[in-house]
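One structure below.
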Amino acid sequence: MNTKKLAKYFPEVAHLPPHQQQSLLSKAYADAIARENKTRHWNNTLVTVLLLTTLCFLIVLLVRQMLNMSPVTSAILLLLLAFPSYLLVQQQRMIRQIRISLQKFLP
């Protein structure tokens, strides 16, 4: 985990010295991915995968037919829409979980 890059998402620790930011973010990250939260992570990931799968089926079955796209074009559309949206959702979810954990460690 690169805490320098991660620090830009947490303005609540911007006033602290860099070593303290790094320490707090490391603790918050460890707390966010702790064993106690594994079932919640699995549940969130499964929901996201189901939503992504639904989006892919909609693109392949409905949008492709409505716009008369070739299979290659619909595959490119999936790569440009579905996969980046999945990564964005997962990143935002992880930042949200770290933010919740960070609140426990802030003075």
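- Side-chain contact between T53 and V49 is present, with heavy atoms from C-beta onward closer than 4.5 Å.
- Nearest approach of Q21 to A7, heavy atoms of both residues: OE1-CB, 3.8 Å.
- In the hydrophobic cluster analysis, where Ile, Leu, Val, Met, Phe, Trp and Tyr join through side-chain heavy atoms closer than 4.5 angstrom, L67 is grouped together with L78.
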Could you walk me through whether Q103 and E12 pass the side-chain contact (heavy atoms from CB on, under 4.5 Å) check? CA-CA 9 Å; Q103 295 303 319; E12 55 264 33; 3.7 Å; yes
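- Counting only heavy atoms from C-beta outward, the side chains of Q97 and H41 approach each other to under 4.5 Å.
- Looking only at distances, no side-chain donor or acceptor of S23 sits under 3.5 Å from a matching main-chain atom of H19.
- When side chains are defined from C-beta on, F83 does not count as touching L52, because their heavy atoms never get closer than 4.5 Å.
- Rounded to the nearest 0.5 angstrom, S74 OG and L79 CG are separated by 10.0 Å.
- Inter-residue side-chain proximity for F10 and L24 is flagged as unmet; no heavy-atom pair is nearer than 4.5 Å.
- Counting only distance, with no hydrogens or angles, the side chain of T73 and the backbone of M69 share no donor-acceptor pair below 3.5 Å.
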Please evaluate residues M94 and I98 with respect to the criterion side-chain contact (heavy atoms from CB on, under 4.5 Å), reporting the C-alpha separation (whole Å), side-chain torsions for both, the decisive distance (0.1 Å), and the verdict. CA-CA 6 Å; M94 191 63 191; I98 293 173; 4.2 Å; yes
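- Using a 4.5 Å cut-off between side-chain heavy atoms of Ile, Leu, Val, Met, Phe, Trp and Tyr, with links allowed through other members, I76 and L55 fall into different hydrophobic clusters.
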Stepwise side-chain contact (heavy atoms from CB on, under 4.5 Å) test for M66 and V63: CA-CA 5 Å; M66 290 172 31; V63 175; 5.7 Å; no
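- At a threshold of 4.5 Å between non-hydrogen side-chain atoms, the residues P18 and K4 do not count as touching.
- For R99 (side chain) and Y9 (main-chain N/O), a donor-acceptor pair under 3.5 Å exists by modelled atom type.
- For the residue pair S101 and A28, the shortest heavy atom distance occurs at CB-O, 3.3 Å.
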Does the pair T48 and T45 meet the rule for a side chain to side chain donor-acceptor pair (under 3.5 Å), with working shown? CA-CA 5 Å; T48 306; T45 302; over 6 Å; no
side-chain contact (heavy atoms from CB on, under 4.5 Å), that's the test. Do N43 and T39 meet it? Break it down for me. CA-CA 6 Å; N43 185 26; T39 55; over 6 Å; no
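- Using a 4.5 Å cut-off between side-chain heavy atoms of Ile, Leu, Val, Met, Phe, Trp and Tyr, with links allowed through other members, Y29 and V13 fall into the same hydrophobic cluster.
- Looking at V89 and Q92, their side chains never come closer than 4.5 Å, going by heavy atoms from C-beta outward.
- V60 and L58 are assigned to two separate hydrophobic clusters, defined by single-linkage of ILVMFWY side chains at heavy-atom distances under 4.5 Å.
- Linking ILVMFWY side-chain heavy atoms closer than 4.5 Å, directly or via other members, places L25 and L106 in a single hydrophobic cluster.
- Atom CZ of R64 is separated from atom CG of L62 by 11.5 Å, given to the nearest 0.5 angstrom.
- Among all heavy-atom pairs drawn from K38 and I33, the shortest one is NZ-O, 3.7 Å.
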